[in-house]
Amino acid sequence: MASPTTGPRSLLAHHFADLGEQKDATTLGMWLFLAQEVMFFGGLFLVYTVYRFNFHDAFAAASHHLDVKLGAINTAVLIGSSLTMALAVHAAALGKRQQLVVFLLLTVLLGSAFLGVKVVEYADKYHHHLVPGPGFSGEALHLEGDRARQAEMYFSLYFGMTGLHALHMIVGIPILLALAVKGWRGAYSPEYNTPVEFTGLYWHFVDIVWIFLFPFLYLIH
Amino acid sequence: MHEQHVVSPRIYFAIFAALLLLTLVTVQVAAIDLGEPEIFFGKRVPLNVVVALVIACVKAVLVILFFMHVKYSPRLTQLVIGAAFVWLFILLAVTLSDYWSRGWVGGNPGT
């Protein structure tokens with residue numbers, strides 16, 4: 001390969017002075033994207049908080065139905081995937097090709113384990129008729145009438161928020177796999193590893209959303 | 001040329017351990033009823049909620065500073081991230097203060 005900053009296959013876009021400036025600009029752009037994600041999820045947490053004040057008892061009863069143990073295990077799994085992601089970024093920065101691929105695949109594995117546990121939890125809600133809609137019933141929570149309707153609101157928020165979080169992971173996993181393939185082919189080096197770096201930012205952000213979802217949905221009664 | 005800062009993996013493992021420990025603490029504390037003392041302008045404050053949110057914030061800050069390298073990022077990036085959380089604070093504080101204070105005056109309480 002020719003020099004990484006000149007020639008037709010240059011890694012440096014022509015409007016940047018050098019790779020460092022290009023990397024700083026990319027990181028800033030990624031953070032602006034994450035800033036709007038913060039506002040987006042922040043709005044959902046706000047809606048949850050307001051409803052929780054208004055429908056306190058029904059929300060407490062509904063959140064008691066969630067399995068704290070599964071939630072805690074999933075928290076640990078996702079934190080573990082953040083560790084392997086950080087180690088993947090580290091390997092890319094040092095140009096360690098094999099380590100990069102191994103840590104990316106470990107991140108995919110842990111992310112998939114998280115989604116697997118989520119499937120088990122969703123199936124439990126389905127079996128207890130706790131999925132919002134015409135099939136919803138407050139029976140499993142011993143709630144009737146208005147209280148059952150309020151619990152249905154809790155589960156609307158539960159599925160909405162955890163569903164959007166899971167969607168972010170479902171988007172992230174193929175990106176990680178693509179990075180692993182490109183990394184294996186030697187696309188990343190100590191000079192150029194920005195895609196690994198900003199995918200890492202995305203993955204850690206998804207981890208942070210769960211760090212707040214876990215206490216909001218599982219722990220606060 | 002901007003030098004790339006490479007963080008030692010030892011720091012990553014330390015942060016990972018701290019995050020796991022905080023998760024364990026938050027689960028254990030949630031099982032204990034800490035009560036609702038009147039500590040905020042005569043209002044009852046459920047301490048369990050406060051503890052759970054403080055622990056979540058500490059965990060988030062650890063992830064942001066170390067896993068996301070913000071501690072070593074350029075000042076401009078740090079400013080943008082700080083601004084994002086200021087906007088989030090405005091979103092939360094202004095909306096919640098509205099819901100909190102609506103019953104204080106007469107007329108239609110809205111909610």
Side-chain angles (χ1 to χ4, degrees), chain A residues 17-21 23-24 27-28 30-32 34-39 41-43 45-47 49-50 52-54 68-69 71-72 75-76 79-80 82-87 89-91 93-94 190-191 193 197 200-201 203-205 207-209 211-216 218-221, chain B residues 1-9 11-13 15-20 22-24 26-27 29-31 33 46 48-49 51-53 55-64 66-70 73-74 76-81 83-85 87-89 91-92 95-96 98-100 111:
Chain A
D18 56 47
L19 283 172
E21 188 186 283
K23 189 190 173 107
D24 285 351
T27 308
L28 186 60
M30 191 61 198
W31 269 107
L32 286 170
L34 294 181
Q36 67 82 26
E37 290 265 87
V38 166
M39 296 305 280
F41 275 103
F45 280 104
L46 179 62
V47 170
T49 305
V50 169
R52 188 185 168 277
F53 275 122
N54 288 340
V68 174
K69 203 180 276 177
T75 307
I79 290 170
S82 254
L83 172 68
T84 55
M85 188 71 231
L87 292 172
V89 172
H90 183 255
L94 296 182
E191 293 79 35
N193 49 59
E197 173 116 11
L201 290 179
W203 195 261
H204 296 311
F205 169 78
D207 186 19
I208 289 173
V209 172
I211 282 173
F212 283 99
L213 281 175
F214 176 55
F216 266 79
Y218 290 76
L219 295 182
I220 298 174
H221 301 309
Chain B
M1 178 89 192
H2 186 83
E3 266 308 303
Q4 186 170 342
H5 189 101
V6 176
V7 185
S8 157
I11 291 181
Y12 292 142
F13 281 104
I15 297 299
F16 172 67
L19 291 171
L20 283 188
L22 286 168
T23 303
L24 193 69
T26 196
V27 170
V29 170
D33 188 2
N48 282 89
V49 176
V51 171
L53 292 185
I55 291 177
C57 288
V58 171
K59 287 165 78 180
V61 167
L62 287 177
V63 172
I64 290 171
F66 294 98
F67 281 174
M68 298 172 98
H69 300 164
V70 171
S73 290
L76 178 62
T77 309
Q78 292 176 343
L79 184 70
V80 165
I81 297 159
F85 286 104
W87 286 114
L88 179 67
F89 174 77
L91 172 81
L92 300 177
T95 313
L96 289 178
D98 175 30
Y99 276 98
W100 194 39
T111 57

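These figures come from a predicted structure and were not determined experimentally. Excluded from the calculations below are hydrogen atoms, water molecules and symmetry mates; all remaining heavy atoms, backbone and side chain alike, are included. Chain identifiers are assigned alphabetically (A, B, ...) following the order of the sequence lines, protein sequences preceding nucleic acid strands; residue numbering begins at 1 within each chain.
For the atom pair Leu46(A) CG and Tyr99(B) OH, the distance stands at 7.5 Å (nearest 0.5 Å). In this structure, CD1 on Ile15(B) lies 11.5 Å from CD1 on Ile79(A), to the nearest 0.5 angstrom. Distance CD/Gln36(A) to CH2/Trp87(B): 15.0 Å, rounded to 0.5 Å. Taken to the nearest 0.5 Å, the CH2 atom of Trp31(A) stands 5.5 Å off from the CD1 atom of Ile64(B). Here the CZ-CD1 distance, from Phe214(A) to Ile55(B), works out to 10.5 Å after rounding to the nearest 0.5 Å. Interatomic distance, Ser82(A) OG to Phe66(B) CZ, rounded to the nearest 0.5 Å: 14.5 Å.
Of all non-hydrogen atoms in Ile220(A) and Ala52(B), the two that sit nearest each other are CG1-CB, 4.2 Å. Listed here is the closest heavy atom pair of Leu91(B) and Gly43(A): CD2-N, 3.8 Å. For the pair Leu201(A) and Met68(B), the tightest heavy-atom approach, listed with the atom from each and the gap, is O-CE, 3.2 Å. Closest of all the heavy-atom pairs between Pro9(B) and Leu87(A) is CB-CD2, 3.9 Å. Nearest approach of Met39(A) to Ala84(B), heavy atoms of both residues: SD-O, 4.3 Å. Taking each heavy atom of Leu92(B) and Gly42(A) in turn, the nearest pair found is CD2-O, 3.9 Å.
Contact annotation for Thr77(B): both backbone and side-chain heavy atoms come within less than 4.5 Å of a heavy atom of chain A. For a residue to count as touching a neighbouring chain, one of its non-hydrogen atoms must lie under 4.5 Å from one of that chain's; by this rule Phe216(A) touches chain B with the side chain only. Only the side chain of Thr75(A) comes within contact range of chain B, with at least one heavy atom under 4.5 Å from a heavy atom of that chain. For Phe13(B), the parts sitting under 4.5 Å from any heavy atom of chain A are the backbone and the side chain alike. Residue contact with chain B, scored on non-hydrogen atoms closer than 4.5 Å, involves the side chain of Val68(A) exclusively. Heavy atoms of Ile211(A) lying under 4.5 Å from chain B belong to its backbone as well as its side chain. Residue Val29(B) does not touch chain A at all, counting heavy-atom pairs closer than 4.5 Å.
Of the listed residues (Ala35(A), Ala86(A), Gly200(A)), the one with the most heavy-atom contacts under 4.5 Å to chain B is Ala86(A). Ranking Trp100(B), Phe16(B), Phe85(B) against chain A, the residue ahead of the rest is Phe16(B), based on heavy-atom pairs under 4.5 Å. Taking Val50(A), Leu83(A), Leu219(A) one by one and counting their heavy-atom pairs under 4.5 Å with chain B, the maximum is reached by Leu83(A).
Counting only heavy atoms from C-beta outward, the side chains of Ile208(A) and Lys59(B) never approach each other to under 4.5 Å. Within the 4.5 Å cutoff, the side chain of His90(A) has no heavy atoms near those of the Ile11(B) side chain. Using a 4.5 Å cut-off on side-chain heavy atoms (C-beta onward), Cys57(B) and Phe212(A) make contact.
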